[in-house]
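To keep things clear, I will list the structure first and then write my remarks on it.
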Amino acid sequence: LAEVSGGIVLKDGDAEDSVSFLPSLLGSENTEKRPPVLHGERTIRDGKWKLIATKGSRGFNAPKGVQYGIELYNLRTDISEENNLADEMPEKVEELRAKIQGILDY
């Protein structure tokens, strides 16, 4: 909205959790990479990757009493989150965990 209004100039550090989608509205390609999105303190969406690093429940509709492990999904190829890649890609798990910690430490 800041870019659409044309009158608001954001300073460095303002609105770090958002990105302008004005180019998409104007019909041009928006090539800017979205910043990571943190959900709570243990789940992050970063580009095509989603890491769920909590062993607790998975919400109201999840089976009760189930203990979950670490989950990593490539949402570009697995939007329904059926193929957990955490065991196959431990480096990506650690990279995303470090991003979570970096955001929390900020």
Side-chain angles (χ1 to χ4, degrees):
L1 292 175
E3 189 173 5
V4 171
S5 71
I8 298 172
V9 177
L10 298 176
K11 298 178 286 233
D12 284 343
D14 288 350
E16 289 185 358
D17 63 340
S18 65
V19 64
S20 175
F21 58 91
L22 181 60
S24 296
L25 295 175
L26 298 175
S28 62
E29 177 110 6
N30 187 355
T31 58
E32 187 173 353
K33 183 182 181 292
R34 293 192 56 90
V37 177
L38 190 62
H39 302 277
E41 294 184 355
R42 304 254 189 256
T43 301
I44 190 169
R45 165 80 191 263
D46 187 26
K48 67 181 182 179
W49 298 105
K50 180 177 181 182
L51 176 71
I52 305 171
T54 177
K55 294 183 180 183
S57 80
R58 293 293 190 262
F60 294 113
N61 294 330
K64 303 278 188 256
V66 175
Q67 291 297 307
Y68 295 90
I70 304 301
E71 297 175 51
L72 175 70
Y73 300 103
N74 178 338
L75 298 178
R76 190 165 295 139
T77 60
D78 182 19
I79 193 67
S80 59
E81 300 178 12
E82 294 179 5
N83 185 24
N84 183 359
L85 301 171
D87 289 339
E88 297 171 37
M89 303 182 72
E91 305 85 20
K92 180 55 78 174
V93 169
E94 289 310 310
E95 174 189 326
L96 293 172
R97 280 181 153 171
K99 282 190 178 188
I100 290 173
Q101 195 58 51
I103 292 168
L104 293 175
D105 289 345
Y106 183 72

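Model, not experiment: these values are computed from the prediction.
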### Task
Output, in order, the C-alpha distance, side-chain angles, deciding distance and verdict of side-chain contact (heavy atoms from CB on, under 4.5 Å) for Asn84 and Tyr73.
CA-CA 6 Å; Asn84 183 359; Tyr73 300 103; 4.1 Å; yes
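- Closest approach of Arg97 and Ala53 over heavy atoms only: NE-CB, 4.2 Å.
- Note that CG of Leu75 and CG of Asp46 are 11.0 Å apart. Values are rounded to the nearest 0.5 Å.
- In this structure a side-chain-to-backbone donor-acceptor pair under 3.5 Å is missing from Asn74 to Asn83.
- For the salt bridge (charged side-chain N to carboxylate O under 4.0 Å, His left out) condition, the pairs that include at least one residue of residues 78-91, sequence neighbours left out, are Lys50-Glu81.
- For Glu95, the side chain to side chain contact (heavy atoms under 4.5 Å, CB included) partners two or more places apart in sequence, or in a different chain, are Lys92, Lys99.
- Ile70 approaches Ala86 most closely through the heavy-atom pair O-CB, 3.5 Å.
- Under a cut-off of 6.0 angstrom, the local environment of CZ in Arg45 is crowded, with over 12 non-hydrogen atoms contributed by other residues, nucleotides or ligands.
- In this structure, the side chain to side chain contact (heavy atoms under 4.5 Å, CB included) partners of Leu104, at least two apart in sequence or on a different chain, are Leu38, Glu41, Ile100, Gln101.
- Here the CD1 atom belonging to Ile44 is positioned 12.0 Å from the CD1 atom belonging to Ile52, to the nearest 0.5 angstrom.
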